[in-house]
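Notes follow the structure.
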Amino acid sequence: MYVSLETLQRAVGLVESLAELDDPANFAGIVLPGLATLVGCDVLTYNEIGLAHGQTRYADYPAGALDPATQPVFAAHVHEHPLVNHYRATGSGEPVMISDFLTQQRFHRLGLYAEFFRGIPVEHQMAVSLPGPEQQVIGVAMNRGRRDFSDQDRALLSVLRAPLMAALLRARRRRQAGQVYTCSELADLTERELQILRLVADGRTNASIAHALGVSPRTVAKHLEHIYRKVRVSSRAAAVSRMTMPAGAANPASPRE
């Protein structure tokens, strides 16, 4: 794949801009305009599509490109979407295009096109899927009203998928760790104990935490013992669960772990 120096610089800039992302809610606001500079298209969307009817939401770029009133229309016809169905059936997230599955004639016969895409207008779409909870499909879709996407567009998006996934997963972990203060029981933890608990929530082992903090694994284990006692749990998983529990959510009548 040939990539111009300018495109390469923009791709690196997009990846670097995601390095400090600490809230998944801000993912679309960075990725959509970034991809717009890399892959020419008319409209981009970040989509979260659940299994139940009506479980769809999106962010669009340029903002306001899609009429919010059409969201229920999309939800009503999303079961016809060849890319969503492909991602559900295969679990693959690699870039695919509508033209991989349907001729333009067959695409035009869909209620999805007649009731939703035609009004944007969207004649061609390429998307990539990212990891989501349970069976939710999370996708970034690029749309054009005229020419279809090229193999080079697909290859570029394929290369970018890994850093996009990494940024989204990292932001989810950071948000989880950032919620450490939502449990009132954690107010008794020292700053070092909070630091260790955040690293535990980030999936770090005792050895990894010890290396990061410049202490011994034994010291980390001792800190964890103090953390467990203070928040009244007996395991790493329970401590992470407690740190993301809204204050007052624990049932005082139920036994502690």
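The model shown is predicted, which means the values in this text are computed figures rather than measured ones.
Residue L189 holds its CG atom at 5.0 Å from CG of L194, rounded to the nearest 0.5 Å. Here the OG atom belonging to S99 is positioned 3.5 Å from the CG atom belonging to D148, to the nearest 0.5 angstrom. Between the SG atom of C41 and the CZ atom of R147 there is a distance of 9.5 Å, given to the nearest 0.5 Å. Note that the OG1 atom of T70 and the CD atom of E115 stand 11.0 Å from one another [nearest 0.5 Å]. Note that CD1 of I209 and NE2 of H211 are 12.5 Å apart. Values are rounded to the nearest 0.5 Å. The line from CG of L197 to CZ of R236 is 10.0 Å long, rounded to the nearest 0.5 Å.
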Using side-chain contact (heavy atoms from CB on, under 4.5 Å), reason through V39 and L44 one step at a time and then give a plain yes or no. CA-CA 10 Å; V39 182; L44 297 92; over 6 Å; no

For R88 and L51, what are the C-alpha separation, side-chain angles and deciding distance, and is it a side-chain contact (heavy atoms from CB on, under 4.5 Å)? CA-CA 10 Å; R88 284 206 196 285; L51 278 176; 3.5 Å; yes

Stepwise side chain to side chain donor-acceptor pair (under 3.5 Å) test for Q195 and R198: CA-CA 5 Å; Q195 187 178 24; R198 292 190 189 99; over 6 Å; no

What verdict does the side-chain contact (heavy atoms from CB on, under 4.5 Å) test give for R154 and D100, after you've listed the backbone C-alpha separation in whole Å, the side-chain angles of each residue and the deciding distance to 0.1 Å? CA-CA 12 Å; R154 192 201 304 259; D100 293 335; 2.9 Å; yes

Begin from the C-alpha positions of F116 and H77 and carry the test ring pair (Phe, Tyr, Trp, His ring centres under 6.0 Å) through to its verdict. CA-CA 8 Å; F116 183 73; H77 292 279; 8.9 Å; no

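Judged as a side chain to side chain contact (heavy atoms under 4.5 Å, CB included), and not counting sequence neighbours, the contacts of Q55 are A52.
Taking each heavy atom of L160 and A11 in turn, the nearest pair found is CD2-CB, 4.1 Å. Contact detail for P68 and Y58: the closest heavy-atom pair is CA-OH, 3.7 Å. Considering all non-hydrogen atoms of both residues, R204 and A212 come closest at NH1-CB, 3.6 Å. Scanning all heavy atoms of the two residues, the minimum distance from V128 to G93 falls at CG2-O, 3.1 Å. Residues R172 and P24 come closest through the heavy atom pair CG-CG, 3.6 Å. The nearest pair of heavy atoms linking Y61 to A36 is CE2-CB, 3.7 Å.
Within the 3.5 Å criterion, the main-chain N or O of S129 finds a donor-acceptor partner in the side chain of R161. Listed for the Q125 side chain is no donor-acceptor partner under 3.5 Å among the backbone atoms of A141. Put simply, the side chain of N206 never gets that close to the backbone of V220: no donor and acceptor are under 3.5 Å apart. Using a distance-only test at 3.5 Å, with no hydrogens or angles considered, a donor-acceptor pair links the side chain of R144 to the main chain of G40. No side-chain donor-acceptor contact under 3.5 Å links S158 to the backbone of A155. A side-chain donor-acceptor contact under 3.5 Å links E80 to the backbone of L112. In this structure, N85 contributes its side chain and P82 its backbone to no donor-acceptor pair below 3.5 Å. Formation of a donor-acceptor pair under 3.5 Å by the N143 side chain with backbone atoms of V122 is not found in this model. Using modelled atom types, no side-chain atom of Y228 and backbone atom of H223 make a donor-acceptor pair closer than 3.5 Å. Remark: side-chain polar atoms of D60 are paired, donor with acceptor, to backbone N or O of L66 under 3.5 angstrom.
When each of H81, H124, H108 is paired with Y113, the ring-ring contact (aromatic ring centres under 6.0 Å, His included) condition holds for H108 and for no other.
Looking at T56 and Q71, their side chains come closer than 4.5 Å, going by heavy atoms from C-beta outward. Counting only heavy atoms from C-beta outward, the side chains of D188 and E193 never approach each other to under 4.5 Å. Side-chain contact between I227 and L224 is present, with heavy atoms from C-beta onward closer than 4.5 Å.
Identified under the side-chain hydrogen bond (donor to acceptor under 3.5 Å, both in side chains) test for residues 25-49, with sequence neighbours left out: T45-N47, Y46-E48, E48-R57.
Taking the charged nitrogens against the carboxylate oxygens, R10 and E6 do have a contact shorter than 4.0 Å, which makes a salt bridge.
Note on I49: it clusters hydrophobically with V73, by side-chain heavy-atom contacts below 4.5 Å among ILVMFWY residues. Under the 4.5 Å side-chain heavy-atom criterion for ILVMFWY residues, no single connected hydrophobic cluster contains both L102 and M142. Using a 4.5 Å cut-off between side-chain heavy atoms of Ile, Leu, Val, Met, Phe, Trp and Tyr, with links allowed through other members, F101 and F107 fall into the same hydrophobic cluster. L169 is not connected to F27 by any chain of hydrophobic side-chain contacts under 4.5 Å among Ile, Leu, Val, Met, Phe, Trp and Tyr, and they are in different clusters. Side-chain heavy atoms closer than 4.5 Å link hydrophobic residues (I, L, V, M, F, W, Y) into clusters, and following such links, possibly through other members, connects L156 to L164.
A donor and an acceptor atom, one from each side chain of S208 and T205, are nowhere located under 3.5 Å apart.
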